[in-house]
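A quick write-up on the structure given underneath.
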2 protein chains.
Amino acid sequence: MLRLSGQTAHPAARYSHTSLKFRKGEIIYAQGDPATDWYQVESGTVRTCFLYRDGHRQLTGFYYSGDVFGIDAETYRSSAEAVTAVTLTRCSKSMGSAIASNQIPEASSLLQSALNHAQSCISLLGRRTANERVAAFLLATAWRIGGSDSLNLPMTRADIADHLGLTIHTVSRTLSELARREIIGLNGPQSITIRNPHLLRLLADGEGRDTSYEQIDRIGALAMAPATALGR
Amino acid sequence: MLRLSGQTAHPAARYSHTSLKFRKGEIIYAQGDPATDWYQVESGTVRTCFLYRDGHRQLTGFYYSGDVFGIDAETYRSSAEAVTAVTLTRCSKSMGSAIASNQIPEASSLLQSALNHAQSCISLLGRRTANERVAAFLLATAWRIGGSDSLNLPMTRADIADHLGLTIHTVSRTLSELARREIIGLNGPQSITIRNPHLLRLLADGEGRDTSYEQIDRIGALAMAPATALGR
DNA sequence: CGACAGGTTGAGTGAGCTCAAGTCGGGTGG
DNA sequence: CCACCCGACTTGAGCTCACTCAACCTGTCG
């Protein structure tokens, strides 16, 4: 969510770093492996997955260009996998010491970044309905990578579902419903445009709980009106 | 979950610290306040709450004697409240600098502790059913404070519910059901004994999903048998 | 062209929510 | 000492939203 320390920071650059490439779907490290390295994304998208004993998984985060992941104490609590083809910079922790003992100058920044990611994940999972979770996820993702209203979701529906604690069916249905109400646009499964950010924000914040679709759409239209009038 | 750095460590002891008392229910700091201090629990229990725009809350953690909380970057992302009467040690961050710039030696340890708490929270919310969440919560709490099989839950059902993303009704029903099956014992709402930790672990790990109660109870009985035979 | 992965959509079910009533224990005031 | 209240908890009944099961569509790759 939060960039590490501004646009230009490259914390990985200061250490013995190795550039690596992974193909789509490849595993970068596995849950339980000794946490010897941390990584920074150069290009592409990475997901971290926590696997439960019964086989189902909880995606704890998506990492885009500039993001840092793999900041764990002893062993990795989540595995990391390439969502798309990725290039990474790998940084060995062992050259200084464990990251927990702060012999690495940016240790605090890296941990802070990891903590922010975890809190964002909690913020999504704490929401109550599928609408709220999907809406909040779209806004968070748009804010992180899109910048503008059009965004390309690199991950599959299954990834989104396992991130939000839903099924792919519910995610798909919810997105279709949002598109039907013209809150978002769907140009193919991966390409999404946010048409009504204001209304999406209301949905994410739970304003649609005991309110009918017609009511919330009216509220959204009212909220949009000044912005639209101002914008053109 | 994880103690900061062993039983005897008192990271708060090394700084300008102030001892504070709060009564049950009192607010220690509010969400959005500038994060100027962090705290260590001397006695009692503290909860941290993330409030959503619609008024519902997500408890992001419970903190017991020895635990540290309030490790945020700029402003507190959650409020902190006294679950019981508590005594705390408050430590000012401003004496060095912001915690993110690692001028405070234990900054990394504190952040690591906060990260562990966040990951435990995700691990609970990532579970699928009420049974799994409640079982996992009981085990985590017992491991943290109980030590033995008997534990005193300092928080209310509402606190548990808002921590697990359930309602108080579902929490209450689930606990009653666990008691009815003699997996736990209930001596009053706050006092719980774990009678069958093995079976509780199976439930927490989702082994009861597509299995009937009778089947899982039988599995649990089998799993218990050797341990019982060995133990006495 | 077939195989397959990813995605969408429908129908029916069920776990957990909502609404509602009732219990229990502790505190307070008459 | 008892009546009363209040907050916390429990439990029942019904409903709803998300899951399950299933079918089908689409694009891609060999």
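Below, chain A is the first sequence line, B the second, and so on; all start at residue 1. Basis for what follows: all heavy atoms, side chains included, without hydrogens, waters or symmetry-related copies. None of these values were measured; they are calculated from a predicted model.
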**OP:** Specify whether Tyr52(B) and His56(B) have parallel, tilted or perpendicular ring planes, treating 30° as the upper limit for parallel and 60° as the lower limit for perpendicular.
**Re:**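 If you compare the ring of Tyr52(B) with that of His56(B), the planes turn out parallel.
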For [X] and [N], give me the distance from atom [atom1] to atom [atom2], rounded to whole Å.
{"X": "Glu177(B)", "N": "dG12(D)", "atom1": "CD", "atom2": "P", "result": "11 Å"}
{"X": "Leu175(B)", "N": "dG16(C)", "atom1": "CG", "atom2": "C1'", "result": "15 Å"}
{"X": "Leu186(B)", "N": "dC24(C)", "atom1": "CG", "atom2": "C1'", "result": "14 Å"}
{"X": "Ile168(B)", "N": "dG16(C)", "atom1": "CD1", "atom2": "C1'", "result": "14 Å"}
{"X": "Asn131(A)", "N": "dC17(C)", "atom1": "CG", "atom2": "C1'", "result": "16 Å"}
{"X": "Gln190(B)", "N": "dC9(D)", "atom1": "CD", "atom2": "P", "result": "5 Å"}

**OP:** Salt-bridge test for Arg127(A) and Asp205(A): reply yes if a basic N is under 4.0 Å from a carboxylate O, no otherwise.
**Re:**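 So Arg127(A) pairs with Asp205(A) through a salt bridge.
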**OP:** Give a yes or no on whether a salt bridge exists between Arg57(A) and Asp159(A), defined as a side-chain N under 4.0 angstrom from a carboxylate O.
**Re:**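 Looking at Asp159(A) together with Arg57(A), the answer is yes, because their closest N to O distance falls below 4.0 Å.
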What nucleotide, of [options], holds the atom closest to the side chain of [X]?
{"X": "Arg157(A)", "options": "dG7(C), dA18(D), dC17(C)", "result": "dG7(C)"}
{"X": "Thr167(A)", "options": "dT8(C), dT9(C), dC19(D)", "result": "dC19(D)"}
{"X": "Ser172(B)", "options": "dT8(C), dT9(C), dT11(D)", "result": "dT11(D)"}

Original post:
Within the structure shown, what part of the strands sits under 4.0 Å from Gly165(A) by heavy-atom distance: base, sugar-phosphate, or nothing?
Top reply: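 Sugar-phosphate only.
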**OP:** Just report the end-to-end axis angle for the helix from dC1(C)-dG30(D) to dG30(C)-dC1(D), five pairs per end, to 10 degrees.
**Re:**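 Both end axes considered, the difference amounts to 30°.
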Original post:
For the side chain of His169(B) and the base of dT11(D), is some donor closer than 3.5 Å to an acceptor across the two?
Top reply: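 Yes, the side chain and the base share a sub-3.5 Å donor-acceptor pair.
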**OP:** Please evaluate the base of dT20(D) for a donor-acceptor partner in the side chain of Arg173(A) within a cut-off of under 3.5 Å?
**Re:**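 A donor-acceptor contact between them is present.
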**OP:** With rounding to the nearest 0.5 Å, note down the distance linking CZ in Phe137(A) to CG in Leu175(A).
**Re:**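 CG of Leu175(A) is found 9.0 Å from CZ of Phe137(A).
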Original post:
Run the ring-ring contact (aromatic ring centres under 6.0 Å, His included) check on His117(B) and Phe69(B) step by step: do they pass?
Top reply: CA-CA 9 Å; His117(B) 263 276; Phe69(B) 65 94; 9.3 Å; no
Subject >> Test applied, side chain to side chain contact (heavy atoms under 4.5 Å, CB included); reference residue, Val134(A); option that passes from Thr170(A), Leu178(A), Thr129(A) >> reply: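 Of Thr170(A), Leu178(A), Thr129(A), side chain to side chain contact (heavy atoms under 4.5 Å, CB included) with Val134(A) is met by Leu178(A) alone.
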**OP:** Please state whether the phosphate of dA15(C), meaning OP1 or OP2, lies under 4.0 angstrom from any side-chain nitrogen or oxygen of Thr170(B).
**Re:**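 So the side chain of Thr170(B) is outside the cut-off, no N or O lying under 4.0 Å from OP1 or OP2 of dA15(C).
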